[in-house]
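Before any comments, here is the structure.
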Amino acid sequence: MDRLPNTDEEAAAELAELASRIAHHNRLYHAEDAPEISDAEYDALVRRNNAIEAAFPHLVRADSPSVQVGAAPAGHLSKVAHAQPMMSLENAFSDEEVVEFVARIRRFLSLGEDDAVALTAEPKIDGLSCSLRYEKGRLVRALTRGDGRIGEDVTANVRTIADIPDQLPEDAFGTPDVFEVRGEIYMAKADFLRLNERLLREAEDAGNADKARQFANPRNAAAGSLRQKDAAVTATRPLRFLAWGWGELVGAEVEETQAGRIGRIAKGFPVSELFAGPFDVTAALDHYRRIEAERADLPFDIDGVVYKVDRLDWQQRLGSVAKAPRWALAHKFPAEKAQTTLNAIDIQVGRTGKLTPVARLEPVTVGGVVVTNATLHNADEIARLGVHPGDRVVIQRAGDVIPQIVENLSRDDGREPWPFPDKCPECGSDAVAEEGEVDIRCTGGLICPAQRVERLRHFVSRGALDIDGMGGTTVESFFRDGLLHSPADIFRLHTKRDEILARERWAETSVDNLLSAIEQRRAPDPARFLFGLGIRHIGSVTARDLLRAFGTVERLAEVASKAADDAEARGEIEAVDGVGPVVAQALVDFFAEQHNREAWDDLLSEVSPPPLAEEVRDSEVSGLTVVFTGSLETLSRDEAKAQAESLGARVSGSVSAKTGLVVAGPGAGSKLKKASELGIRVVDEAEWARIVQSAT
DNA sequence: GTGCCTCGAGTTCT
DNA sequence: CTCGAGGCAC
């Protein structure tokens with residue numbers, strides 16, 4: 001590193017420059033774009049900044065990056081890509097599934113009768129996964145799991161956690177170039193209770209006990225505490241850490257087993273006392289039961305047991321499927337259940353007119369959160385459960401989140417089934433099920449205020465026009481107060497500036513921001529625009545496929561109108577990939593409807609979606625059909641597909657004589673075999689990245 | 001006609 | 001995230 005500045009002037013000037021450069025790179029991370037510089041270079045900037053600040057403490061700027069590390073502009077944390085993705089785990093809910101997991105591994109590795117698959121087993125702590133990156137033994141960055149590929153930078157906050165050392169102990173680790181330790185940040189149950197008491201006391205002292213912000217459960221408390229903007233607040237929160245794995249390793253000593261490497265990590269980090277193995281399946285399941293028995297007495301919340309294949313070379317060979325490794329499994333404890341009273345069954349009307357019954361429940365805590373609503377899906381589900389308002393029901397949170405009613409304790413088949421309405425509760429129109437369908441829909445169409453508001457919400461939603469400052473709640477309240485009736489009205493809101501200003505919580509700046517965000521959408525992406533219209537069966541993917549075929553929304557409308565009585569036009573629509581008779585009919589119906597035509601013309605008098613312009617770069621795969629197979633490690637399927645399309649290639653799911661290139665990741669099977677039989681070029685993910693890079 | 005696979009739609013809570 | 005329906009390949 002360069003020498004430090006000698007004078008205040010030099011130091012101040014360099015700090016100013018560093019502040020602006022670091023802020024610039026933070027913005028790039030935040031925008032989720034490919035950063036311009038590597039993590040190491042970024043860290044060098046931050047370290048340089050900190051070194052100068054240490055020498056010239058009186059010059060620390062108000063906007064200093066050291067104050068803001070981990071805190072990007074709007075109070076959000078900056079986003080950084082993981083060096084190696086943090087995968088999630090496949091779940092199992094029964095012993096049989098665990099046995100099948102091992103059998104699958106045996107098949108995959110073609111093991112003989114005598115080869116035993118040894119597993120480790122450890123409790124799965126209910127906290128936040130976090131990856132700690134040590135370079136040359138020093139902690140340089142801590143990221144949350146995020147979506148697995150990109151996490152949130154919580155370095156400054158993590159430095160306040162006592163369980164996490166700043167420096168890897170050299171006697172156990174040496175000084176590897178890169179050593180990423182992964183584990184769980186959590187809050188112990190007792191600490192959680194004390195924290196809530198403290199928060200309540202502090203609120204009382206401040207004279208607003210009723211506004212005390214307490215946490216619902218230890219997991220939320222840990223998440224809320226870690227993701228603080230101000231690391232000083234995190235420092236006052238009792239966070240803890242348990243290591244369970246690792247990420248990128250460069251220049252580190254290599255072990256042969258999971259247990260071996262965890263053993264070494266344990267020399268620098270807390271590791272669960274219940275980590276055990278290697279086991280055969282029977283012993284692993286015994287360990288599961290032991291942990292389950294101790295569950296209530298453990299100092300922290302757990303939601304299952306994780307098994308991992310002990311041999312690291314086997315882990316390597318097994319690779320991963322989609323987002324989860326094949327060599328690990330989370331054996332979950334049975335979902336927590338609770339009893340409560342079904343107070344009422346309300347009917348919600350969705351944007352397609354679907355009537356969805358919702359159970360309003362007497363609030364009850366299940367799995368750490370208070371549940372008050374649960375969907376009942378449709379009339380069939382109500383009949384299956386035989387529920388009526390006033391019944392006692394059993395609910396559970398399935399698949400970790402969404403509450404569902406699993407049993408009706410007051411079931412009495414002598415009763416008439418709950419009368420599902422045959423009129424829309426919002427507009428009074430007939431509500432009927434279409435031939436062969438379970439769902440009951442309001443026939444009111446645009447007469448129905450619920451449908452109108454839901455369609456407007458959909459129009460501005462993130463996958464559609466995505467207008468900043470115009471969320472679902474805003475749309476709803478504007479609609480209710482008559483500022484908006486149809487999508488086109490959004491683009492006429494500028495004539496109602498004073499009315500909006502008169503509303504609560506709308507000041508000059510926010511109104512101006514909203515209006516300018518709306519102006520930015522006068523020429524919306526045509527595929528998002530089409531998707532936003534909410535035509536049945538036309539989701540985001542089909543909308544884009546249609547525009548690829550027709551170029552502009554005007555041309556699509558023309559063909560769809562003609563197709564009502566022109567077989568040739570209909571054929572043109574059905575020729576689009578992924579569009580069959582049902583989707584084509586939905587499109588035709590939409591344009592045949594008078595209201596829709598009027599709304600369409602009105603809307604197009606305000607906005608002009610340009611022709612679909614997909615930048616197609618020339619590359620060695622232009623015009624070819626590409627097939628992705630096996631697991632992709634640095635890309636999601638969607639991204640890979642988007643990349644291929646941006647290179648003018650088509651993407652297909654199966655290998656045939658028409659395939660031009662196969663991109664195979666680990667675990668590729670039959671498709672890879674077929675490709676080699678047909679003599680098709682096969683490349684790995686790294687080679688694919690090169691092809692994408694070299695496109696012009 | 002049968003069986004994947006993909007896409008659309010609806011949903012809970014913080 | 002999960003379910004069901006639509007599309008398409010075999």
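The analysis underlying the following values was restricted to heavy atoms, covering all of them including side chains, and did not include hydrogens, waters or symmetry mates. Throughout, a chain's letter reflects where its sequence line sits, starting with A, and its residues are numbered from 1.
At whole-Å resolution of the value, CG in Leu533(A) and P in dG8(B) are 14 Å apart. Atom pair Gln404(A):CD and dC1(C):P shows a separation of 15 Å (rounding to whole Å applied). Rounded to a whole Å, the CG atom of Leu361(A) is 14 Å from the C1' atom of dC13(B). Rounded to whole Å, the distance from NE2 on His537(A) to P on dG4(C) is 15 Å. Atom CZ of Arg457(A) and atom P of dG10(B) are 13 Å apart (whole Å). Atom P of nucleotide dA5(C) and atom CD of Gln585(A) are separated by 18 Å, given to the nearest angstrom. The CG atom of Asp545(A) sits 8 Å away from the P atom of dG8(B) (whole-angstrom rounding). In this entry the distance linking CD1 of Ile347(A) with C1' of dT11(B) reads 15 Å, nearest Å.
One finds no side-chain N or O of Asn373(A) lying less than 4.0 angstrom from the OP1 or OP2 phosphate oxygen of dT11(B). The side chain of Arg351(A) places an N or O atom within less than 4.0 Å of a non-bridging phosphate oxygen (OP1 or OP2) of dA9(B). When the side-chain nitrogen and oxygen atoms of Ser540(A) are compared with OP1 and OP2 of dC7(B), none of them lie within a distance under 4.0 Å. Proximity of Thr372(A) to the phosphate of dT12(B): no side-chain N or O atom is located under 4.0 Å from OP1 or OP2.
Between Arg104(A) and Glu97(A) no salt bridge is recorded (no basic side-chain N to carboxylate O distance below 4.0 Å).
Nearest nucleotide to the side chain of Val541(A), out of dG6(C), dA9(B), dC7(B): dC7(B). Listed candidates were dC8(C), dC7(B), dG10(B). Nearest to the side chain of Arg441(A) is dG10(B). The side chain of Pro403(A) lies closest to dT12(B) when the candidates are dA9(B), dT12(B), dT11(B). Comparing dT11(B), dG7(C), dG10(B) by their closest approach to the side chain of Gln348(A) singles out dT11(B). Counting only heavy atoms from C-beta on, Asn220(A) has its side chain closest to dT14(B) among dG10(B), dT14(B), dT11(B). Taking the side chain of Val358(A) as heavy atoms from C-beta on, and the options dT12(B), dC8(C), dG10(B), the nearest nucleotide is dT12(B). With dC7(B), dG10(B), dG7(C) as the choices, the nucleotide that has an atom nearest any side-chain atom of Pro581(A) turns out to be dG7(C).
Judged by closest nucleotide on DNA chain B, Gly353(A) is the one of Val370(A) and Gly353(A) placed further toward the 5' end.
Note on Gly350(A): nothing from the nucleic acid sits closer than 4.0 angstrom, heavy atoms only.
Aromatic pair Trp600(A)/Phe591(A): ring centres closer than 6.0 Å.
No donor-acceptor pair under 3.5 Å is formed between the side chain of Ser429(A) and the backbone N or O of Cys424(A). Checked by atom type and distance alone, the side chain of Arg360(A) never pairs as donor or acceptor with a backbone atom of Ile345(A) at under 3.5 Å. Of the possible donor and acceptor atoms, none in the side chain of Asn378(A) sits under 3.5 Å from a partner among the backbone N and O of Asp439(A).
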After noting the C-alpha distance and the side-chain angles of Asp303(A) and Asp301(A), does the key distance pass the side-chain contact (heavy atoms from CB on, under 4.5 Å) rule?
-> CA-CA 7 Å; Asp303(A) 59 0; Asp301(A) 284 333; over 6 Å; no
